[in-house]
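Lettering follows sequence order; numbering is per chain, from 1.
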Amino acid sequence: MENQKNLQIYNSLSGKKEIFEPLHENHVGMYVCGPTLYSEPHMGNMRTFINFDLIYRYLLHLGFKVKYVRNITDAGHITNSAGNEEDSIGKAARLEQMQSLEIVYKYNVKFQDLQRIYNLLPPSIEPTATGHIQEQIEIIEQIIENGYAYSVNGSVYFDTKRYMQDFNYGILSGRKVDELENETRSLNAQDEKRFFADFALWKKANADDMQIWRSPWGNGNPGWHIECTAMSTKYLGKHFDIHGGGMDLKFPHHEDEIAQSCGSFGCNPAKYWMHANMLNVNGQKMSKSFGNYFLPKEIIEGTTSLFKKAYPANVLRFFMMQAHYRSTLDFTETALDAAEKGFSRLTDGLNLIEKLTVSETSSIDVNSIVASFYTAMNDDFNAPILIASLFDAVRQINLINDGNATISESDKDLLESEMNNFLFDVLGLEIATTNNDSKLNPVMDLVLDLRQQARTNKDWTTSDKIRDGLAAAGIVVKDGKEGTTWS
RNA sequence: GGUCUCGUGGCCGAGCGGUUAGGCACCGGUCUGCAAAACCGUCUACUCCGGUUCGAAUCCGGACGAGACCUCCA
């Protein structure tokens, strides 16, 4: 397929857009860092998963066979290295008076639910950290054997200094270890680490840890970053195509993954590193600690105090697709309202295609419109440009509908199928479900029929009374050329 | 403090050396009993100061402002 060869991806590793050349022709291996399930994912978390869903969908659309692995972190990571050694899941478990795996199960059910609501395609596999303890231990052993890690007191640390003699620590994030030093040193005064930049691969268990595993170094927990190395290696191999995640994982998480892979297998695990940018609220990153977050379900149900009304998942997804995945995106009420109207214009246009009258020839260039869809997405998954092109197509459709342009039958079929492909399969949007309340429908038919009679009789008082009364009940009546509709 | 990113019209948001981004709002028009809706059209911006260039929102330097990472984080 021609378009497969024109795809360009921005590689965080090189800082440039590169032609995408998969390691194995026609196959793509993609790993994305998933959520830590100690609480319900917020909208910012969802944006990253939605963006990688877009990427997954477009790769599939291009005809690649994609193996998409997104992990679930169900082993708590130590919250910090400055003395407080409580893990995030254990902490949630204590607060909610549950077992750790109960917490994970509870939030995973919610997470799976959100994926359906936001129309995310399920990954090929969603492996869990706790299901791969053995694999993690084996990789740690290999790193030790290669001389890039050491064990102290039941814990194992990555030997950054030793590693830097053979590899470039900071290759992804551009960080220089020397520059990190001053700030961090004081925090780790009593640390077991030999060097401040060393990070834990295995952590000795605390007496009150809820999750403890056996290892060659004694009972303990896996370190911060090793799970992703273990699971990506297991399902995709030592070297695969794409590794993705949120921008905030670039350092240290992804940098350390690279170090672990190089330290055990001698190579960077992924050819292309992709980072999705953050979701902002009023110019600031959405995060639990800032308190400026809301849950993906709250905004659909209209129960967050940040917004006056509820928005359908489709609209939210469309809104996010209007910004490029590598840009930050500001969530504001006016922007969401704008997206809602824009999306409905787009779907109205699409619904119009099948009703168009066809002509012998086309006055519009359908091939170049369709080509622009591919050009947009091939340029590092530029969904905003794709959407602009779709709007352009809608304008043409409306012109044809108004008799100011023509389209041939074959062009109509092409445009219809490609617009469907891009809007639904690639962008993952679905046409908003229309009202089909079986009890309300006949009532509305009756009421609108009565109103139409009044209008025919020029009884404006009655017809407006019906319209206003319905409006008060939340039903909007629209008089169009083809008759009256309601919603 | 260190590293890095960004500053686009009323709002959101593309563009990354020369060509209309797009959506929403506003305004004008078509349609309509009126209204709404729908459709068409209009609106021409790049924080500031220097520099490079025939030409800069786009490259370079500086100022100011905002944000991210350096600690769990999508």
CD of A:Q322 versus C1' of B:G23: gap in Å, rounded?
5 Å

Hey, does the side chain of A:R455 come within less than 4.0 Å of B:U32's phosphate (OP1/OP2), counting only N and O?
no

Quick check: closest heavy atoms across A:G44 and A:M286, and the distance to 0.1 Å?
N-SD, 3.2 Å

Spell out, as yes or no, whether a donor-acceptor pair under 3.5 Å connects the side chain of A:E298 to the backbone of A:L295.
yes

Can you tell me how far C1' of B:A74 sits from CG of A:L329, to the nearest Å?
14 Å

Out of B:G33, B:A14, B:A35, minimum distance to the side chain of A:S463 belongs to B:G33

With a 4.0 Å cut-off, would you call A:K309 and A:E340 a salt bridge?
yes

Under a 3.5 Å limit on both distances, the Watson-Crick or wobble mate of B:C59 is B:G51

Both distances under 3.5 Å, Watson-Crick or G-U wobble: report the partner of B:U20, or none.
none

Look at the side chain of A:R467 against the base of B:C34 and say whether a donor-acceptor pair falls under 3.5 Å; ignore hydrogens and angles.
yes

Could you let me know what B:G9 is paired to, Watson-Crick or G-U wobble, both distances under 3.5 Å, or none if it's on its own?
none

Could I get a table of every N or O pair under 3.5 Å where one atom is in the protein and the other is in nucleotides 65-69 of chain B?
residue: B:C69; atom: OP1; partner: A:K285; partner atom: NZ; Å: 2.1
residue: B:C69; atom: O2'; partner: A:R175; partner atom: NH2; Å: 2.8
residue: B:C69; atom: O2; partner: A:R175; partner atom: NH2; Å: 3.1

Record whether the side chain of A:D464 comes under 3.5 Å of the base of B:G33 through a donor-acceptor pair of N or O atoms.
yes

N/O donor-acceptor pair, side chain A:D337 with base B:A25, under 3.5 angstrom
no

Decide, applying a 5.5 Å centre-distance limit and a 30° plane-angle limit (both strict), whether A:W460 stacks on B:G33.
yes

Could you give the CD1-to-P distance, from A:I385 to B:G23, as a whole number of Å?
12 Å

If the P atom of B:C6 is compared with that of B:C24, how far apart are they to the nearest Å?
29 Å

Under 3.5 Å for both donor-acceptor distances, Watson-Crick or wobble: does B:A25 have a partner, and if so which one?
none

Go through B:A14, B:C12, B:C73 for me and flag the one nearest to the A:L249 side chain.
B:C73

For A:A276, does its backbone N or O pair with a side-chain atom of A:T48 as donor and acceptor, under 3.5 Å?
no

Atom C1', compared across B:G23 and B:U8: separation rounded to whole Å
15 Å

